[in-house]
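Here's the structure, in structure tokens; my notes come after.
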Amino acid sequence: MNTTTKRRRNNSHQGNNVAKLRTFLGVKQESLAQDLKLTQQQVSQIEQQEKIDEETLIVIAEYLNIPVDLLKNFDEDAVIYNINHYNVHDNTFSDSSAAQIFNPIEKIVELYERLLESEKNKLNKE
């Protein structure tokens with residue numbers, strides 16, 4: 001039996017995405033609020049919104065140094081699938097090498113870009 005699973009598009013809760021990615025990066029609501037000249041309560045309200053206005057998304061993305069599309073369409077399940085599917089685990093870190101710094105957001109962005117490319121290829125084949 002051959003089944004194809006189609007991903008939901010544009011059903012992403014942007015506020016949850018902001019909260020998840022902010023947390024992955026180790027940024028607290030208070031820090032984000034202070035740097036964006038907002039209150040912590042305003043950041044909390046933003047993170048509760050299903051859709052966030054484009055200007056706010058751009059400002060947050062720039063602050064977090066991530067693509068705006070990642071805030072709009074972040075899919076944690078797809079990232080986990082890609083981590084498992086492409087085996088991108090890197091357990092080669094050594095305590096003696098200070099030059100190697102693990103940044104999980106780089107992997108998330110890389111996997112998200114792979115996912116986008118894969119989806120584009122699927123759409124082009126249709």
Side-chain angles (χ1 to χ4, degrees):
M1 177 182 270
N2 189 3
T3 59
T4 304
T5 302
K6 293 193 176 192
R7 296 207 178 276
R8 292 175 293 154
R9 295 198 163 272
N10 299 324
N11 291 334
S12 185
H13 191 288
Q14 294 173 350
N16 285 342
N17 295 346
V18 169
K20 286 177 188 174
L21 293 166
R22 175 186 55 73
T23 303
F24 289 155
L25 291 169
V27 176
K28 297 200 176 281
Q29 276 187 345
E30 295 84 8
S31 298
L32 179 63
Q34 184 178 16
D35 290 342
L36 298 181
K37 296 182 173 52
L38 301 170
T39 66
Q40 183 271 330
Q41 290 81 8
Q42 287 172 311
V43 172
S44 179
Q45 289 172 350
I46 289 170
E47 291 180 351
Q48 293 174 23
Q49 296 175 5
E50 186 170 344
K51 297 288 181 192
I52 300 171
D53 67 271
E54 187 74 16
E55 184 178 319
T56 302
L57 282 175
I58 291 170
V59 170
I60 293 171
E62 286 175 357
Y63 176 80
L64 296 176
N65 197 29
I66 58 176
V68 175
D69 282 346
L70 188 56
L71 289 176
K72 290 180 181 178
N73 303 308
F74 180 68
D75 182 350
E76 190 172 5
D77 292 335
V79 171
I80 292 169
Y81 170 80
N82 281 303
I83 288 171
N84 291 331
H85 182 65
Y86 293 108
N87 195 22
V88 296
H89 304 287
D90 186 357
N91 296 321
T92 61
F93 296 110
S94 167
D95 292 336
S96 63
S97 175
Q100 292 181 334
I101 299 173
F102 178 69
N103 185 355
I105 198 67
E106 289 176 3
K107 288 292 185 188
I108 292 170
V109 170
E110 178 185 332
L111 292 169
Y112 180 74
E113 288 171 348
R114 282 188 198 172
L115 178 65
L116 283 177
E117 189 64 34
S118 173
E119 293 293 323
K120 285 179 187 176
N121 289 339
K122 287 179 185 175
L123 289 174
N124 288 338
K125 288 181 183 179
E126 291 179 357

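What you see is a predicted model, and the numbers here were worked out from it, not measured in a lab. The figures here come from the full heavy-atom set of this structure, side chains too, leaving out hydrogens, waters and symmetry mates.
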**Asked** How far apart are the C-alpha atoms of Y112 and N73, what are their side-chain angles, what is the distance that settles it, and do they pass the side-chain contact (heavy atoms from CB on, under 4.5 Å) test?
**Response** CA-CA 9 Å; Y112 180 74; N73 303 308; 3.1 Å; yes
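- Across L21 and I66, no two heavy atoms sit closer than the pair CD1-CD1, 3.8 Å.
- The CG atom of L116 sits 9.0 Å away from the CG atom of L70 when rounded to the nearest 0.5 Å.
- For K72 against E54, the heavy-atom pair with the smallest separation is NZ-OE1, 2.9 Å.
- Side-chain contact check for F74 versus N16: every heavy-atom pair is 4.5 Å or farther apart.
- If you take CD1 on I52 and OG1 on T56, they are separated by 7.5 Å, rounding to the nearest 0.5 Å.
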Return a table of donor-acceptor pairs under 3.5 angstrom between the side chains of residues 22-30 and protein atoms on other chains or two or more places apart.
unit_1 : atom_1 : unit_2 : atom_2 : d
R22    : NE     : E47    : OE2    : 2.6
R22    : NH1    : V27    : O      : 2.8
R22    : NH2    : E47    : OE1    : 3.2
R22    : NH2    : E47    : OE2    : 3.3
T23    : OG1    : A19    : O      : 2.7
Q29    : OE1    : Q40    : NE2    : 2.2
Q29    : NE2    : E47    : OE1    : 2.7

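- For the residue pair K51 and S12, the shortest heavy atom distance occurs at NZ-O, 4.1 Å.
- In this structure L36 satisfies the side-chain contact (heavy atoms from CB on, under 4.5 Å) test together with L32, L38, V59, I60, Y63, sequence neighbours excluded.
- Salt bridge E119/R114: absent, no basic N to carboxylate O contact under 4.0 Å.
- When the side chain to side chain donor-acceptor pair (under 3.5 Å) test is applied to E55, no partner is found at least two apart in sequence or on another chain.
- How far CG of D53 is from CD of Q14: 9.5 Å, rounded to the nearest 0.5 Å.
- With sequence neighbours excluded, no residue satisfies side chain to side chain donor-acceptor pair (under 3.5 Å) with E113.
- Scanning for side chain to side chain donor-acceptor pair (under 3.5 Å) contacts around D69 gives an empty result, with sequence neighbours left out.
- Residue pairs meeting the salt bridge (charged side-chain N to carboxylate O under 4.0 Å, His left out) criterion with at least one partner in residues 36-45, sequence neighbours excluded, do not occur; the list is empty.
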